[in-house]
Structure formats: C-alpha cells, structure tokens
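Before any comments, here is the structure.
For this chain, numbers begin at 1 and follow the sequence in order.
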Amino acid sequence: MKSRPVARPENDDEQPRLAVLIDADNAQPAVIEGLLAETAKYGVASVKRIYGDFTSTRMTQWKQALLKHSINPVQQFAYTSGKNATDSSLIIDAMDLMYTRRFDGVCLVSSDSDFTRLAQRLREEGLTVYGFGERKTPDAFVQACDKFIYVEVLRSEVPAPPAPPSPPKPAKKAAKPAAKKPAAQAEPTAAPVVEAGRHESLPLRLIRQAIEEASDDQGWAFLGSVGSYLNKVRPDFDTRLYGHKKLSDLLKAHPRHFTVEERGGDNGLKRIYVRSAG
C-alpha cells in the first residue's frame with residue numbers, strides 16, 4: 001500500500017495539522033507546557049486529548065493543566081484490575097483520526113512500549129509520528145517514531161529556583177587532622193563533575209557518520225543534511241541532551257572534532273557547512 005505523503009507547508013497559513021494524544025497513566029502534568037511548546041514547532045495541535053481514569057485521586061494534578069491548556073479529557077474506567085483500558089481507548093481514537101485523512105501527524109505522549117505498533121501503523125499510512133516520553137521509554141517505541149523527544153529535556157528548560165546559601169561551619173575549621181580529608185573528598189562534587197553528569201556524552205561516531213554520508217569530495221557537508229540523517233538514524237537525537245539548543249552550536253563547541261563554516265548562498269542567505277576535524 002502506497003503511503004500518503006505528508007504535507008510540508010511553505011507558510012504559516014498551511015501548518016501541518018497534529019493530533020496530540022496523551023496517556024495520563026504514563027505522563028506527568030509538570031511537562032505539559034514544554035510539551036505543547038515543542039509540538040508548536042512541528043505544526044498546529046488541532047486535537048488535544050488525554051486518556052485516563054479521572055475519578056482516581058492520582059489524576060488530581062491533571063485537572064488544572066487540562067483547563068489551562070484546553071485539553072479534552074477522555075474518561076476511561078478501569079473495568080478490570082490489572083488491565084490497562086486507557087491504552088485501548090487511545091489506540092482506537094488514533095486510528096479513527098488517521099482514517100479521517102485530516103491530519104499530517106500524531107504526537108503520542110507516553111513511555112509505554114504498547115504503542116510501538118500504533119506508531120508503526122500511523123507511519124505506514126504516511127503520518128509523521130512524534131513521540132514524547134521519559135528516558136525509561138523502551139527503544140522499540142523510540143525507533144518506531146519519526147522523532148522522539150525526552151520529556152526530561154522539556155522539563156529542564158524551566159529554570160530551577162536558586163538554592164539558598166549554606167550556612168558557614170566554623171567548627172570544622174579548627175580541626176587540623178581532618179583538614180586533608182575534606183579537601184580530597186571535595187573533588188568528586190566539584191562543579192565540573194556535576195556539569196558533566198547533567199548532559200549525555202557526545203555521540204562522536206554517529207555525528208561523523210552523518211557528516212560522511214552527506215559530505216562532498218572535500219569532506220564538507222551541509223548542516224541541514226547532517227541533522228536530517230541524524231534524526232532518521234536516531235529518532236531520539238536531540239542537541240539539548242548535550243547542552244545546546246542548536247546542532248550548529250553543539251558542533252562549534254567541539255572544535256577539536258568538527259570544523260564549522262558559514263557560506264553565503266546565491267540568494268544572500270547563509271548556509272552552514274561542517275566537516276570532521278583531523
């Protein structure tokens with residue numbers, strides 16, 4: 001069966017129509033603002049629905065978020081203990097929306113691998129599938145999506161309140177024998193170590209492979225082609241996981257491994273090219 005091509009608009013009046021379907025059992029209301037802001041990058045959320053048993057006290061935190069962001073709750077009672085009826089309700093609605101032919105993409109918000117086949121089926125029909133889930137999301141579901149965004153990244157964009165200064169401890173100052181031990185123990189908790197643990201290690205081999213696949217005879221590759229290859233090979237590739245909002249900024253931050261160059265095009269617009277250094 002031939003897939004229906006996804007519309008790629010050229011202006012803001014023809015943005016892709018998206019359906020945002022949220023599994024309340026596997027999503028947190030704390031990320032909803034960042035999530036909707038992220039979906040706005042890909043199109044217009046024409047449908048926003050959340051599925052769960054809202055008679056349960058576990059869903060209390062969702063009530064304010066639903067009203068604030070105009071998300072339509074779909075009540076699903078737990079008919080049998082241990083069975084997840086929410087997943088079935090979401091899948092049925094997703095298929096119904098798919099057959100209307102009115103949408104260009106679907107945003108599946110869940111960390112549950114049960115939606116893997118749904119993502120595959122939507123893509124087979126020509127829809128773009130954007131997945132949103134926690135880092136614990138099984139790789140099968142991640143790979144089934146066109147693009148997968150970890151919600152921890154969206155949550156981290158909200159600035160955390162500054163920590164109150166710790167009170168001075170003059171008592172430890174007088175103890176000379178214990179002076180060397182705290183100095184040695186302070187190294188693992190120093191700022192560089194905390195910063196290093198905050199972001200993922202840079203996937204050098206993957207980025208170099210992307211550059212090689214898109215490069216010309218001189219080894220230069222258009223940055224847009226590199227980013228496109230990365231998203232195809234790794235749907236969960238996100239520069240924010242490595243501490244930068246843009247791919248160009250990420251590569252510029254590692255001059256030992258990559259060389260970035262801006263060139264002027266025929267239309268006056270600058271295009272960014274990159275090649276592996278060394």
Would you mind reporting whether Asp25 and Asp112 have side-chain heavy atoms less than 4.5 Å apart? no
Taking the six-membered ring for Trp, are Tyr150 and Phe132 closer than 6.0 Å centroid to centroid? no
So Arg123 and Gln120, do their side chains get closer than 4.5 Å, heavy atoms only? no
Take Ile50 and Val74 through the test side-chain contact (heavy atoms from CB on, under 4.5 Å) and record every step on the way to the result. CA-CA 6 Å; Ile50 185 168; Val74 179; over 6 Å; no
Decide yes or no on side-chain contact (heavy atoms from CB on, under 4.5 Å) for Cys145 and Tyr130, but give the supporting numbers first. CA-CA 6 Å; Cys145 300; Tyr130 302 98; over 6 Å; no
If you apply the rule side-chain contact (heavy atoms from CB on, under 4.5 Å), what do you find for Asp53 with Gln75, and how did you get there? CA-CA 6 Å; Asp53 184 2; Gln75 171 63 30; 2.8 Å; yes
Point-to-point distance, once rounded to the nearest 0.5 Å, from CE of Met95 to OG1 of Thr100: 11.5 Å
If the threshold is 4.0 Å, N to carboxylate O, is there a salt bridge linking Arg117 and Glu124? yes
Charged N to carboxylate O under 4.0 angstrom, Glu33 versus Lys68? yes
Would you say Asp23's side chain and Val109's backbone share a donor-acceptor pair under 3.5 angstrom? no
So, taking the atom named CG in Asn26 and the one named CD1 in Ile22, what distance separates them when rounded to the nearest 0.5 Å? 12.5 Å
Can Lys147 and Glu38 be counted as an ion pair, charged N to O under 4.0 angstrom? no
Lys48 to Ser70 - nearest heavy-atom pair and separation: CE-O, 3.6 Å
If every non-hydrogen atom of Thr116 is compared with every non-hydrogen atom of Ala144, which pair is closest and at what distance? O-CB, 3.7 Å
If every non-hydrogen atom of Arg275 is compared with every non-hydrogen atom of Gly219, which pair is closest and at what distance? CB-O, 3.0 Å
Begin with the C-alpha distance, continue with both residues' side-chain angles, and end with the deciding distance and a verdict on salt bridge (charged side-chain N to carboxylate O under 4.0 Å, His left out) for Glu262 and Lys252. CA-CA 11 Å; Glu262 290 188 4; Lys252 287 177 182 178; 3.7 Å; yes
Side-chain heavy atoms of Lys270 within contact of Arg263, under 4.5 Å: no
Does Glu213 have any side-chain hydrogen bond (donor to acceptor under 3.5 Å, both in side chains) partners at least two apart in sequence or in another chain, and if so, which? none
Starting from Trp220, walk the hydrophobic network (Ile, Leu, Val, Met, Phe, Trp, Tyr; side-chain heavy atoms closer than 4.5 Å) and list everyone else you reach, by chain and number. Phe222, Tyr273
Salt-bridge criterion met for Glu125 and Arg121 (N-O under 4.0 Å): yes
Heavy-atom count around Gln61 CD within 6.0 Å, excluding the residue itself: above 12? no
Using the rule side-chain contact (heavy atoms from CB on, under 4.5 Å), only one of Leu127, Leu97, Thr128 pairs with Leu122; which is it? Leu127
Value rounded to 0.5 Å, distance of CG in Leu251 from CD1 in Ile211: 6.0 Å
Check whether any side-chain heavy atom of Leu204 sits under 4.5 Å from a side-chain heavy atom of His257, and report yes or no. yes
All heavy atoms of Ala40 vs all of Gln15, minimum pair found to be O-OE1, 4.4 Å
Heavy-atom closest pair, residues Glu152 and Gly133: OE1-O, 4.0 Å
Sub-3.5 Å donor-acceptor pair from the side chain of Asp146 to the main-chain atoms of Val129, do we have one? yes
Taking C-beta and beyond as the side chain, do Asp249 and Thr239 meet within less than 4.5 Å on heavy atoms? no
Who passes side-chain hydrogen bond (donor to acceptor under 3.5 Å, both in side chains) against Asp93, sequence neighbours left out? Arg49, Tyr51
Is there a path of hydrophobic side-chain contacts, each under 4.5 Å between heavy atoms of I, L, V, M, F, W or Y residues, that connects Tyr99 with Leu21? yes
Is there side-chain contact between Ser276 and Glu212, with at least one heavy-atom pair below 4.5 Å? no
Is the distance between the ring centroids of Tyr229 and Phe237 less than 6.0 Å? no
Is the shortest side-chain heavy-atom distance between Pro16 and Tyr42 below 4.5 Å? no
So how far is it from Ser225 OG to Leu230 CG, rounded to the nearest 0.5 Å? 11.0 Å
Among Val142, Asp139, Asn231, find the one that has a side-chain contact (heavy atoms from CB on, under 4.5 Å) with Phe148. Val142
Could you grab the distance from atom CG of Leu202 to atom CG of Leu250, nearest 0.5 Å is fine? 5.5 Å
Measure the shortest side-chain to side-chain distance between Leu36 and His69 over non-hydrogen atoms and say whether it is less than 4.5 angstrom. yes
Quick one: pull up CG in Leu108 and CG in Leu90 and give me the separation to the nearest 0.5 Å. 6.5 Å
Write down the atom of Ser113, the atom of Phe141, and the distance for their closest heavy-atom approach. CA-CB, 4.2 Å
Give the intermediate values and the outcome of side-chain contact (heavy atoms from CB on, under 4.5 Å) for residues Gln28 and Val151. CA-CA 9 Å; Gln28 300 296 326; Val151 294; over 6 Å; no
Do you reckon Val20 sits in the same ILVMFWY cluster as Leu67, going by side-chain contacts under 4.5 Å, direct or chained? no
